[in-house]
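Reminder, nothing fancy here: chain letters follow the sequence lines and each chain counts from 1.
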2 protein chains.
Amino acid sequence: MTTGESSASTGRPRSEEAHRAILDATLELLAEVGFSALTVEGVASRAGVGKATIYRRWASKLPLVVEAFGALPGMEDFDTGDLGEDLKKMLRSYIQVFNTTALSAVLPSLAGERAHNPELAKVFEPVSLERRGPLVRAFERAVARGEISPEVDLALAGDLVVGPIAVCLFFKGGRLSPRMVGPMVDLALAGILDGEAASA
Amino acid sequence: MTTGESSASTGRPRSEEAHRAILDATLELLAEVGFSALTVEGVASRAGVGKATIYRRWASKLPLVVEAFGALPGMEDFDTGDLGEDLKKMLRSYIQVFNTTALSAVLPSLAGERAHNPELAKVFEPVSLERRGPLVRAFERAVARGEISPEVDLALAGDLVVGPIAVCLFFKGGRLSPRMVGPMVDLALAGILDGEAASA
DNA sequence: GAGTAACGATACGTATAGTATCGTAATGAT
DNA sequence: ATCATTACGATACTATACGTATCGTTACTC
């Protein structure tokens, strides 16, 4: 669905350079104008390619955006044997990603569009879930080690840990600093490690 | 800035009915199509008024949206003498607002637009801040009572408490349930009440 | 070097934005 | 009662810009 098939082995091959230029331009424009204001024409112009070159590969802007978004780096996994350390390392490295890529502008735009675009919501559900993977696995390791009680609601715990970042990103729009991670994780984990909350 | 002045005392007065119909239609469309796809023409059609009637009162869709958004109910304040109870009551009532108004669709849309629309970001900064008012005041009361240490970073604490709601709203799009509030606040407050985290 | 498919560019038709203006309706002043 | 004034809903107008179709050219296979 993402890419139209390159049909024959004969003829001029598709340009990999154009492919990358298109994806880069898509991310740039996504960050600048958002999903709904993004147009294939705008991407073509920014990428220095013809519109047909884009439509030949992607049926519409939706799969184009999906592929471009998927190319952004995800969360790196760390396994230090300590949940707090894992989370801190993971979030610090992820904040680095936010601050060095278009992700910090792209993510709010897509999340906002999700609310009134069921098709986009559907396509991004698995992508979004997969992005949380390393976080979930860190919690699961902590449960397996006996570091936290199996009764803790892991989904809620995860939301608690990343919540402040989301709030900062969506409502404050401020730069994220790796220095906020330490107190954030400590504060969030205090109740989780004590096994204070049973499952909801 | 929000409303063009009703200039003279003579002539036909502006219709209050049309005013309300326009604001209602704006919220509806904001929830359905989002900010950037919202057009004054669409609002006029939905509200059953002429476009001129809208442009006579608002210079563009931005102040129109600001006024429509401002008409949505905010967070109710509770003062029970216990921080946990205050937060639970406030969040439960606010979730009711989310589930009975267009807020749950409007908020992500505006938050997403904020990322690439500096003008909207600027206009909504004070509005957004004021919306958090009751939450901040509950924490300040808790500090005054000695319930939590003055060294706790209140901004971070607030983000921690509302974070899971934000995550749910932006990434999962699931209905918010008042039943999630109890464990959520308990989990979040565990570290805050212990004074576990010093200021960042 | 003939055949084929992708390339960037661009012309085309359609849709819809915001502006300007229409005749009508409702109020206050004379 | 009549007139002046302003708002009303409707619509014609102009410009922009979307996606589609097609151009001559380029790159690669056989």
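Within the 4.0 Å cut-off from OP1 or OP2 of dC8(D), at least one side-chain nitrogen or oxygen of Arg56(B) is found. Contact annotation: Arg12(A) does not reach the phosphate of dC7(C) (side-chain N/O to OP1 or OP2, under 4.0 Å). Phosphate proximity of dA6(C) to Ser15(A): absent, as no side-chain N or O sits under 4.0 Å from OP1 or OP2.
Salt-bridge check for Asp159(B) with Lys172(A): passed, with a basic side-chain N closer than 4.0 Å to an acidic carboxylate O. Residues Arg46(B) and Glu32(B) are paired through a salt bridge, judged by an N-O separation under 4.0 Å between the basic side chain and the carboxylate.
A straight line from CZ of Arg14(A) to C1' of dA27(D) spans 15 Å, rounded to a whole angstrom. Between the CD atom of Glu17(B) and the C1' atom of dA7(D) there is a distance of 14 Å, rounded to whole Å. Distance, Glu16(A) CD to dA6(C) C1': 13 Å, rounded to whole Å. Rounded to a whole Å, the NE2 atom of His19(A) is 16 Å from the C1' atom of dC7(C).
In terms of position along DNA chain C, the nucleotide closest to Glu41(A) lies nearer the 5' end than the nucleotide closest to the other residue of the pair Thr39(B) and Glu41(A).
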Legend entry - Verdict with reasoning, Leu120(A) to Val66(A), per side chain to side chain contact (heavy atoms under 4.5 Å, CB included): CA-CA 9 Å; Leu120(A) 184 138; Val66(A) 170; over 6 Å; no

Legend entry - Trace of the side-chain hydrogen bond (donor to acceptor under 3.5 Å, both in side chains) decision for Arg57(B) with His19(B): CA-CA 9 Å; Arg57(B) 305 175 193 217; His19(B) 198 89; 3.1 Å; yes

Legend entry - Worked check of salt bridge (charged side-chain N to carboxylate O under 4.0 Å, His left out) between Asp77(B) and Arg141(B): CA-CA 12 Å; Asp77(B) 204 346; Arg141(B) 288 194 303 265; 3.6 Å; yes

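Residue Pro13(B) places its side chain closer to dT27(C) than to any other of dT27(C), dG9(D), dA17(C). Taking every side-chain heavy atom of Thr10(B) into account, dG28(C) is the closest of dG18(C), dG9(D), dG28(C).
Ring centroids of Phe171(A) and Phe124(B) are separated by 6.0 Å or more, keeping the two rings apart.
Of the residues in residues 46-55 of chain A, those with a non-hydrogen atom less than 4.0 angstrom from any atom of DNA chain D are Lys51(A), Ala52(A), Tyr55(A).
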